[in-house]
Amino acid sequence: MTLPTTPPAPAPAPTPMGKGTLSRQLVLRTTALVALVTVALSMFTALASFQILQQQLDSRLESAIERPAFRSRPGSTGTNTGTDEQTSPGDPGGSGLIRVDATLGQDAAGNLVVTLYRDPTRPDSISRATVVQLLAAVANRVNAAPFTVRVNGGGLYRVQVRTDANSVTTMVGLPYSEVTSPMTSQLVMAGLLTIGAVVLSYVAARRVVETSLRPLTRLAATANQVSNLPLESGEGLVPIRVAPQDANPASEVGQVGLAFNHMLDNVENALAVRHRSETKVRQFVADASHELRNPLASIRGYAELTRRGSEELPEDAAHALGRIEAESERMSALVQDLLLLARLDSEPTLDLQPTDVTELVLNAVSDARAASSERTWGLDLPEDPVTARADAHRLHQVVANLLANARTHTPPGTRVETTLRAEGGWAVISVTDNGPGVPEEIRDSVFERFTRADSSRVRQAGGSSTGLGLAIVSAVVNAHGGQVLLDSAPGHTTFSIRIPLA
Ligand SMILES: Nc1ncnc2c1ncn2[C@@H]1O[C@H](COP(=O)(O)OP(=O)(O)O)[C@@H](O)[C@H]1O
Ligand SMILES: [Mg+2]
């Protein structure tokens, strides 16, 4: 057990954009949303342009296939063997147009009969072999809607085939790249735009989020400062407030800041009220103890006078007188302890001087030895003297209290070992006994006022138990800036105190 207890450390401030932070989530979500919207828009635009481009291509096919110039062209009636080529005069179909007026069939020698007109501006746009392939591919799709065909080595073609009343079949084809190449560049553009939008939105969202969350970070810093204030003692002043610019009710964070300031005002008021009432109670206890001392002294004086004045007292009167003396002595001790605790509470008026702890411990143990010869009193002192910054009178009282406990709360024959050592800037005094140990039910609260075990044992031992001895030990040691520790089990109980070396 260690006294005093320290408040829990405040949570460490989160790093900006660290895992789990609000800023990180806001930035990532905003960026993801922008990415999603951009991609969806690009897809929609791409689909629309694809349909427009394909419709344009199809209407060009339509107008080309309807052009009468081709219908009346000679040589389309299947007199040629193999593929015959002519240049289409004034082809209005645009670049890449192929036009085949063909009898889809074979001549006697088994050759395909085809008349091919080529785009005069792009004479190499299509090879004879491609046309043959196209015709083979489209043979069963005559009079159907325009469709797309893959030609080995020649890419994709958009093709329409139609047979007129004279059973002349006309095929018109345009390279599908007129749709695919603008689509490719549009998709590349859309991709670049998406990446750009994502990067831009990430940077912008980060800036905006960081700027708008900065007041929140300052608020957290203020809360952390407040949580580090030692509010459990002192007058309960809370000198920290959220800065006015962060407590402006116009913004959400400002409202939190304002509420936080109101809460701090409230806490400060409550602490001040508590401090005032505590001071009053302390003052009352100190005054009462002080006032009780004189009547108690009188009672003891009169008792003593009565005993001395009359030689022969009746037996029951002598017994009653003995009880009066014993109880008034106990009450005097109690009043003295209360007064001391009240003084230590209000302002620890210690007279801190370099004190020879070795001598102090030696004296305390010899006093204990004199008080009880039924116990074995061991002493272990270091070779070099130990000097601590202490109030010699109070420290003596502390050691005497521990030794008195080892005497009153253990059976005769107990061995009590007192050791002193200097250790890491501290003078450490420990009192160990092999008695029954501090009862488990009071072990955690043994340093609190009026904590004591069932007093019948003490009465038997002839001591007077107030339950204030260890409270005084704890208060005095804490006022020295030291610590008290208890380690107790049946057969081995150690109280150790440490106070700073001089
Ligand atoms: N050395 C010890 N061995 C066993 N019990 C102890 C010892 N020291 C203290 N205690 C227990 O702790 C209680 C509180 O001690 P203390 O504050 O000194 O009050 P008091 O001695 O007046 O009872 C005691 O009543 C006793 O039960
Ligand atoms: Mg005691």
Side-chain angles (χ1 to χ4, degrees), residues 2-42 192-283 345-348 478-479 481:
T2 311
L3 291 174
T5 48
T6 45
T15 47
M17 289 298 290
K19 224 177 169 190
T21 55
L22 184 62
S23 33
R24 182 188 165 108
Q25 284 192 25
L26 284 175
V27 169
L28 290 189
R29 282 174 192 198
T30 312
T31 311
L33 192 70
V34 169
L36 208 72
V37 169
T38 322
V39 167
L41 270 179
S42 309
L192 289 177
L193 267 175
T194 305
I195 293 172
V198 165
V199 169
L200 205 73
S201 71
Y202 177 82
V203 172
R206 210 182 149 140
R207 272 196 83 101
V208 170
V209 165
E210 273 177 5
T211 318
S212 24
L213 289 189
R214 212 166 284 149
L216 212 54
T217 317
R218 288 196 291 262
L219 200 66
T222 312
N224 258 338
Q225 271 177 308
V226 172
S227 69
N228 281 331
L229 288 177
L231 293 181
E232 66 278 2
S233 60
E235 292 175 31
L237 288 180
V238 186
I240 297 166
R241 289 290 182 280
V242 175
Q245 91 256 25
D246 292 338
N248 180 357
S251 76
E252 287 89 341
V253 178
Q255 284 172 6
V256 177
L258 197 66
F260 191 73
N261 276 352
H262 284 155
M263 188 184 78
L264 288 181
D265 290 343
N266 205 355
V267 167
E268 193 172 56
N269 284 342
L271 287 177
V273 169
R274 191 196 70 178
H275 181 252
R276 272 201 298 278
S277 78
E278 267 181 7
T279 313
K280 262 191 212 157
V281 170
R282 267 193 218 122
Q283 193 56 47
D345 274 348
S346 54
E347 82 249 34
N478 284 336

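Residues Thr222 and Ile240 form a side-chain contact, since some pair of their non-hydrogen atoms from C-beta on lies under 4.5 Å apart.
Residues in residues 266-277 take part in these side chain to side chain donor-acceptor pair (under 3.5 Å) pairs, two or more places apart or across chains: Arg241-Glu268.
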Show me the donor-acceptor pairs within less than 3.5 Å that the side chains of residues 24-41 make with the rest of the protein, sequence neighbours left out.
from  : atom 1 : to    : atom 2 : distance (Å)
Thr30 : OG1    : Leu26 : O      : 2.6
Thr31 : OG1    : Val27 : O      : 2.7
Thr38 : OG1    : Val34 : O      : 2.4

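What you find for Ala247 and Gly257 is that their closest heavy atoms are CB-C, 4.0 Å.
Sparse packing is recorded around CD of Glu252, with 12 or fewer heavy atoms of other residues, nucleotides or ligands lying under 6.0 Å away.
The CD atom of Glu210 lies 9.0 Å from the OG1 atom of Thr217; values are rounded to the nearest 0.5 Å. Atom CG in Asp246 sits 11.5 Å away from atom CG in Leu258 (nearest 0.5 Å).
Taking the side chain to side chain contact (heavy atoms under 4.5 Å, CB included) definition, one finds that Leu219 meets it with Leu216, Val242, Val256, sequence neighbours left out.
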Mind running side chain to side chain contact (heavy atoms under 4.5 Å, CB included) on Ser42 and Leu193 for me, showing each step along the way?
-> CA-CA 9 Å; Ser42 309; Leu193 267 175; 5.9 Å; no
